[in-house]
Engineer: 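Please see the structure below; I have some questions.
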Amino acid sequence: RREAMIRFRLKEMIAEKEFRDGERLSIGKISQETGIHRSTISRIASQKGYNTTTENIDRLCNFFECSVDEIMEHIPD
């Protein structure tokens, strides 16, 4: 039995912002703009079921100008 989990859509959000803005968006730039450590952003983007703070989620939503349900989704078991 697989446990339910939250999946972050950070890679998709980065791709959408790059397309919209017409320029490459690095982890470093996101880190600089949000105040979230680079390694934390990398983990959010790539580690399955990574656990982060609501403050980080809020900062990412502000950066990407999106709602919580656009940046993360619940995967039921």
Side-chain angles (χ1 to χ4, degrees):
R1 179 173 171 253
R2 190 177 72 75
E3 289 184 32
M5 68 174 205
I6 300 296
R7 183 180 85 84
F8 287 97
R9 298 186 62 251
L10 191 56
K11 288 180 181 176
E12 294 96 321
M13 298 302 294
I14 291 169
E16 288 170 20
K17 188 164 175 61
E18 285 178 335
F19 181 77
R20 204 171 46 245
D21 297 350
E23 59 185 44
R24 182 160 155 37
L25 179 59
S26 68
I27 298 288
K29 169 97 169 145
I30 298 169
S31 174
Q32 187 177 26
E33 297 281 328
T34 61
I36 302 170
H37 198 277
R38 292 171 63 110
S39 62
T40 301
I41 295 169
S42 292
R43 287 184 189 112
I44 291 169
S46 60
Q47 277 186 17
K48 209 174 186 177
Y50 183 73
N51 188 8
T52 191
T53 65
T54 52
E55 182 180 355
N56 285 342
I57 295 165
D58 183 54
R59 289 176 179 187
L60 289 169
C61 286
N62 285 329
F63 178 78
F64 287 105
E65 299 175 343
C66 70
S67 60
V68 172
D69 65 324
E70 292 176 278
I71 205 157
M72 56 196 278
E73 66 180 330
H74 175 253
I75 308 291
D77 49 341

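Quick note: numbers below take in every heavy atom, side chains included, and nothing from hydrogens, waters or symmetry partners.
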Engineer: With S26, which residues qualify under side-chain contact (heavy atoms from CB on, under 4.5 Å), at least two apart?
Structural biologist: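 With neighbours one apart ignored, the set is K29.
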Engineer: Using side-chain heavy atoms (C-beta onward) and a distance below 4.5 Å, is Y50 in contact with L10?
Structural biologist: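 Sidechains of L10 and Y50: no contact.
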Engineer: Let me see the working for E16 and E70 under side-chain contact (heavy atoms from CB on, under 4.5 Å), right down to the final yes or no.
Structural biologist: CA-CA 11 Å; E16 288 170 20; E70 292 176 278; 6.0 Å; no
Engineer: Side-chain donor-acceptor contacts of residues 38-47 below 3.5 Å, not counting sequence neighbours, with atom names and distances?
Structural biologist:
| residue | atom | partner | partner atom | Å |
| --- | --- | --- | --- | --- |
| S39 | OG | H37 | ND1 | 3.0 |
| S42 | OG | R38 | O | 3.3 |
| S46 | OG | S42 | O | 2.7 |

Engineer: Mind checking the CE-CE spacing from M5 to M72? Nearest 0.5 Å is all I need.
Structural biologist: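 Taking CE in M5 and CE in M72, the distance rounds to 11.5 Å.
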Engineer: Looking at N51, I want to see if its CG is surrounded by more than 12 non-hydrogen atoms of other residues, nucleotides or ligands under 6.0 Å.
Structural biologist: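 Incorrect, the count does not exceed 12.
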Engineer: As a quick check of understanding, evaluate side-chain contact (heavy atoms from CB on, under 4.5 Å) for I6 and H74, giving each step before the final call.
Structural biologist: CA-CA 5 Å; I6 300 296; H74 175 253; 4.1 Å; yes
Engineer: Begin with the C-alpha distance, continue with both residues' side-chain angles, and end with the deciding distance and a verdict on side-chain contact (heavy atoms from CB on, under 4.5 Å) for F8 and L60.
Structural biologist: CA-CA 11 Å; F8 287 97; L60 289 169; 5.7 Å; no
Engineer: Give me the atom names and distance for the closest heavy-atom approach of S31 to I36.
Structural biologist: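 Shortest heavy-atom contact: OG-O, 2.7 Å.
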Engineer: Would you call E65 and R20 a salt bridge, using N to O less than 4.0 angstrom?
Structural biologist: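 So E65 does not pair with R20 through a salt bridge.
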Engineer: Got T34 and N62 here, is their nearest side-chain heavy-atom distance under 4.5 Å?
Structural biologist: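 No, their side chains stay 4.5 Å or more apart.
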Engineer: Can you tell me how far apart SG (C66) and CD1 (I71) are? Round to the nearest 0.5 Å.
Structural biologist: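 Between atom SG of C66 and atom CD1 of I71 there are 4.5 Å.
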Engineer: Tell me whether E73 contacts the main-chain N or O of R7 through its side chain, where contact means a donor paired with an acceptor under 3.5 Å.
Structural biologist: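 A pair under 3.5 Å: no.
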